[in-house]
Number of protein chains: 2
Amino acid sequence: MSSGQVTIKDIARQLNISVATVSRALRDFPDINENTKKAVTTLAAELDYRPNQIAQSLVKRRTNTIGVVIPTFVIPFYASAISGIQEEAAKANYNVMVCQSNESYTTEVSNIYTLASSRVDGLLVSVSKETTNFDHLQCLQQKGIEIVFFNRVYEGMPVAKVVVDDYDGAVAATEHLISIGRKRIAHFCGPQNLSISQERRRGYVDALKTHNLPVREELMLSCDFNIASGMDAARQLLQVRPLPDAIFAVSDSVAFGAMKVLKEQGIRIPEDIAIAGYTDEPTASLVDPGLTTVAQPTFEIGQTAARLLFAQINRPSKESVCPKTVLKTRLIIRGSTVKNAV
Amino acid sequence: MSSGQVTIKDIARQLNISVATVSRALRDFPDINENTKKAVTTLAAELDYRPNQIAQSLVKRRTNTIGVVIPTFVIPFYASAISGIQEEAAKANYNVMVCQSNESYTTEVSNIYTLASSRVDGLLVSVSKETTNFDHLQCLQQKGIEIVFFNRVYEGMPVAKVVVDDYDGAVAATEHLISIGRKRIAHFCGPQNLSISQERRRGYVDALKTHNLPVREELMLSCDFNIASGMDAARQLLQVRPLPDAIFAVSDSVAFGAMKVLKEQGIRIPEDIAIAGYTDEPTASLVDPGLTTVAQPTFEIGQTAARLLFAQINRPSKESVCPKTVLKTRLIIRGSTVKNAV
DNA sequence: CTGTTAGCGCCTTCAA
DNA sequence: TTGAAGGCGCTAACAG
């Protein structure tokens with residue numbers, strides 16, 4: 001009991017039995033004398049003994065800890081997804097180590113190796129906007145660390161993935177804008193090496209084509225996933241003539257930024273320009289007018305990803321199953337596109 | 001190399017030297033032959049050797065991991081604070097395990113014990129709204145696990161604490177409302193066993209007294225830290241006659257909820273009722289009108305708490321230093337109290 | 001039912 | 001400059 005922490009040795013010594021017996025008693029083995037078992041458990045409780053997970057991990061060669069790598073905590077999508085992950089982890093008796101890449105490829109690589117050193121049993125990954133090389137992940141996979149992608153996935157790896165139907169949501173949003181009579185619909189695209197950005201853009205383009213609307217390059221502006229970026233894009237868009245009559249933004253934050261600029265310029269939403277976003281962050285129902293957006297099941301995405309990871313970790317055969325789980329989105333119509341909506 | 005992970009044993013075998021030498025070479029010991037050192041490091045790189053932190057932790061009796069317990073990820077305050085914590089941790093070469101209590105005392109206790117089992121070197125804690133018993137934390141402290149409280153602290157323990165001057169911020173907000181001529185100022189209080197709630201309420205009460213305004217019980221309503229709770233309180237408040245002319249909410253979310261209800265009721269903000277919040281979440285500048293609020297340095301709170309924890313962990317003498325760091329707030333005036341503000 | 005032995009991967013004496 | 005031995009706290013055969 002050197003370090004202030006009680007060990008099975010302490011219990012064994014005080015009870016004059018071997019550590020093996022203590023270990024078994026504590027783990028409730030069948031062939032253990034009821035009396036010794038009781039003696040051990042009571043003393044353990046008395047001493048407030050807590051098994052040293054570190055030692056257990058070393059023996060068992062598994063830590064019951066998973067790593068999570070996300071771009072940033074401050075995107076509400078991730079805050080919610082992590083909640084879902086945590087909930088599943090607690091149920092399955094796993095610990096969670098979360099790292100944020102801050103959208104930097106270098107940081108992401110470093111995160112991954114840190115987590116690998118900690119010998120996490122598996123990894124839940126949503127890649128940074130910069131990531132185009134996936135060696136760091138492939139390398140870990142080869143070492144037997146299970147990986148599941150969520151939201152920002154890399155199709156090139158044979159692992160499970162959890163996404164929403166980004167294409168479908170984008171089509172729905174764009175068609176909604178078309179259905180309210182908009183003809184010059186702009187799109188604020190996300191970073192183009194991310195599949196979510198590509199898919200949302202593809203949905204936008206296809207919806208326009210389906211309805212025989214021209215696809216104009218000057219109405220497609222590049223953005224990051226934040227408010228400032230949405231403001232920049234909006235300012236840029238307002239230089240274009242004729243003005244667009246709608247914007248479909250790759251994310252709610254981008255849409256919020258756009259709304260801010262439009263309001264400053266005295267442009268009416270939705271009369272002059274209608275706006276739609278993506279995700280349905282809590283803020284979407286608070287801004288004025290409320291933001292029409294494609295709702296994502298953020299919490300459920302986290303839960304699902306975690307569940308798949310645990311299943312994969314505990315799969316007896318090492319042949320990996322790599323389903324792509326595609327969750328549904330739901331278009332929520334608010335005042336930013338329809339005057340009298342909620 | 002059974003588990004797919006390279007160990008120093010593998011390196012030793014291939015180089016025909018002892019593991020001790022490998023271990024020393026890898027750690028760049030002074031009295032090691034240059035050639036063996038080079039041989040070891042190159043082979044290690046070739047094999048992509050990663051030291052097993054678990055094994056190291058067991059020997060060193062420290063994990064270089066800290067635990068963080070927060071009420072919930074989805075309060076933007078915590079998302080930002082965790083970012084600050086992460087940043088400091090990365091710098092100091094620490095890992096972070098985050099758990100959320102979901103505002104439940106039972107879950108918090110369970111989180112704490114899980115983290116203790118993982119042998120974290122220290123703990124950053126923001127208690128749940130239900131927590132009134134602190135045995136679980138005192139117990140860990142006695143076992144030599146360092147603790148630092150942030151935001152929601154417990155004054156009764158001799159450990160470092162990081163807070164903002166909640167009282168001061170509340171006074172500033174309330175006096176601002178008074179300065180714009182409001183006389184019937186309501187307060188939506190937070191859970192009263194949290195010091196932040198108490199302090200903000202105390203600031204509100206004292207400001208009223210200082211300005212010879214009556215303190216009316218019927219204008220002080222209890223809330224949790226979320227939108228729904230703010231909506232409930234607002235509905236309740238609207239039953240009171242005469243109506244109040246201002247609301248000081250314990251948090252931005254509560255204020256957002258209140259704004260929503262007031263707008264639905266056709267009550268003008270700020271003309272009929274002015275509103276102020278606390279924290280300055282990103283959403284505060286997006287709602288319409290913008291929310292006047294007491295800005296907190298959320299990221300810095302996380303950073304500071306982490307820094308203090310690392311200092312405490314690495315302090316040679318075991319006598320613990322327990323300063324209370326009080327960071328400054330800043331009143332940000334927006335349209336919810338002053339018509340022509342930004 | 002229980003004790004002994006060995007080992008997880010690494011570090012740290014103590015000798016050589 | 002290097003190796004051998006022991007141990008961190010725990011689990012897992014193998015005996016008895």
Side-chain angles (χ1 to χ4, degrees), chain A residues 1-41 43-44 47-65 116-121 143-144, chain B residues 1-41 43-44 47-65 116-121 143-144:
Chain A
M1 216 190 100
S2 37
S3 67
Q5 300 275 14
V6 183
T7 74
I8 51 172
K9 248 184 179 168
D10 300 313
I11 299 179
R13 198 179 310 128
Q14 290 195 37
L15 254 35
N16 241 319
I17 56 180
S18 76
V19 292
T21 306
V22 176
S23 174
R24 286 179 206 131
L26 253 16
R27 282 175 300 156
D28 208 30
F29 270 40
D31 49 358
I32 271 272
N33 184 303
E34 271 306 321
N35 294 326
T36 50
K37 186 181 292 183
K38 202 172 296 171
V40 168
T41 47
L43 184 57
L47 265 39
D48 193 34
Y49 165 81
R50 307 274 161 187
N52 184 329
Q53 264 206 36
I54 299 296
Q56 287 179 327
S57 298
L58 190 59
V59 174
K60 299 263 204 65
R61 286 139 161 277
R62 59 182 288 166
T63 52
N64 265 53
T65 298
S117 276
S118 294
R119 293 300 191 270
V120 292
D121 295 332
K143 290 191 182 177
Chain B
M1 217 190 101
S2 37
S3 67
Q5 301 275 14
V6 183
T7 73
I8 50 172
K9 247 184 180 168
D10 300 313
I11 298 179
R13 198 179 310 127
Q14 291 195 36
L15 254 34
N16 241 320
I17 55 179
S18 76
V19 292
T21 307
V22 176
S23 173
R24 287 188 277 242
L26 253 17
R27 280 174 301 154
D28 208 31
F29 270 39
D31 50 357
I32 270 271
N33 184 303
E34 271 305 321
N35 294 325
T36 49
K37 186 182 292 182
K38 201 172 296 172
V40 168
T41 48
L43 183 58
L47 264 38
D48 194 34
Y49 165 80
R50 307 272 162 188
N52 185 329
Q53 265 205 34
I54 299 297
Q56 290 184 159
S57 299
L58 191 58
V59 174
K60 300 260 205 64
R61 285 137 162 277
R62 60 182 289 167
T63 52
N64 266 54
T65 299
S117 277
S118 295
R119 292 300 190 270
V120 292
D121 296 332
K143 290 190 181 176

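To find a chain, count down the sequence lines: A is the first, B the second, and so on, and within it residues start at 1.
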**Request:** Would you kindly compare B:A55 and A:K37 by the position of their nearest DNA chain C nucleotide and give the one closer to the 5′ end?
**Result:** A:K37
Just how far, in rounded Å, is [atom2] of [N] from [atom1] of [X]?
X: B:L47; N: C:dG9; atom1: CG; atom2: P; result: 14 Å
X: B:R119; N: D:dG9; atom1: CZ; atom2: C1'; result: 9 Å
X: A:I11; N: D:dT11; atom1: CD1; atom2: P; result: 11 Å
X: A:R50; N: D:dC10; atom1: CZ; atom2: P; result: 13 Å
X: B:N16; N: D:dT2; atom1: CG; atom2: C1'; result: 13 Å
X: B:L26; N: C:dG9; atom1: CG; atom2: P; result: 15 Å
X: A:N52; N: C:dC10; atom1: CG; atom2: P; result: 17 Å
X: B:K38; N: D:dT1; atom1: NZ; atom2: P; result: 14 Å

Euclidean distance, [Y] [atom2] relative to [X] [atom1], rounded to 0.5 Å:
X: A:L58; Y: B:Q56; atom1: CG; atom2: CD; result: 11.5 Å
X: A:S118; Y: B:Q53; atom1: OG; atom2: CD; result: 4.0 Å
X: B:I32; Y: B:S23; atom1: CD1; atom2: OG; result: 9.0 Å

Mind checking [X] for me? I need base, sugar-phosphate or nothing, with any heavy atom below 4.0 Å counting as a touch.
X: A:T36; value: sugar-phosphate
X: B:I17; value: sugar-phosphate
X: A:I8; value: base

Of the nucleotides [options], which one has an atom closest to the side chain of [X]?
X: A:Q56; options: D:dG9, D:dT11, D:dT2; answer: D:dT11
X: A:D31; options: D:dG3, C:dC10, C:dC1; answer: C:dC1
X: A:I32; options: C:dT2, C:dG9, C:dG3; answer: C:dT2

**Message:** I need the minimum non-hydrogen distance between A:P51 and B:R119, along with the two atoms involved.
**Reply:**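 Taking every non-hydrogen atom into account, O-NH1, 3.7 Å.
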**Prompt:** Is the phosphate of D:dC8, meaning OP1 or OP2, less than 4.0 Å from a side-chain N or O of A:K9?
**Reply:**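 Looking at the OP1 and OP2 atoms of D:dC8, one of them is under 4.0 Å from a side-chain N or O of A:K9.
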Min side-chain heavy-atom separation [X]-[Y] under 4.5 Å:
X: A:T63; Y: B:I54; result: yes
X: B:L26; Y: B:V40; result: yes
X: A:D28; Y: A:K37; result: yes
X: A:Y49; Y: A:I8; result: yes
X: A:K143; Y: B:V6; result: no
X: A:Q5; Y: A:N52; result: no

**Prompt:** Closest nucleotide of DNA chain D for A:P51 versus for B:S18: which of these residues is on the 5' side?
**Reply:** B:S18
**Message:** At 10 degrees resolution, what angle do the end axes of the helix from C:dC1-D:dG16 to C:dA16-D:dT1 form when each is taken over five base pairs?
**Reply:**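 The helix from C:dC1-D:dG16 to C:dA16-D:dT1 shows an end-to-end axis angle of 50°.
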For nucleotides 12-14 of chain D, list the nitrogen or oxygen atoms of the protein found under 3.5 Å from its nitrogen or oxygen atoms, one pair per line.
{"unit_1": "D:dA12", "atom_1": "OP2", "unit_2": "A:R27", "atom_2": "NH1", "d": "3.0"}
{"unit_1": "D:dA13", "atom_1": "N6", "unit_2": "A:R24", "atom_2": "NH2", "d": "2.8"}

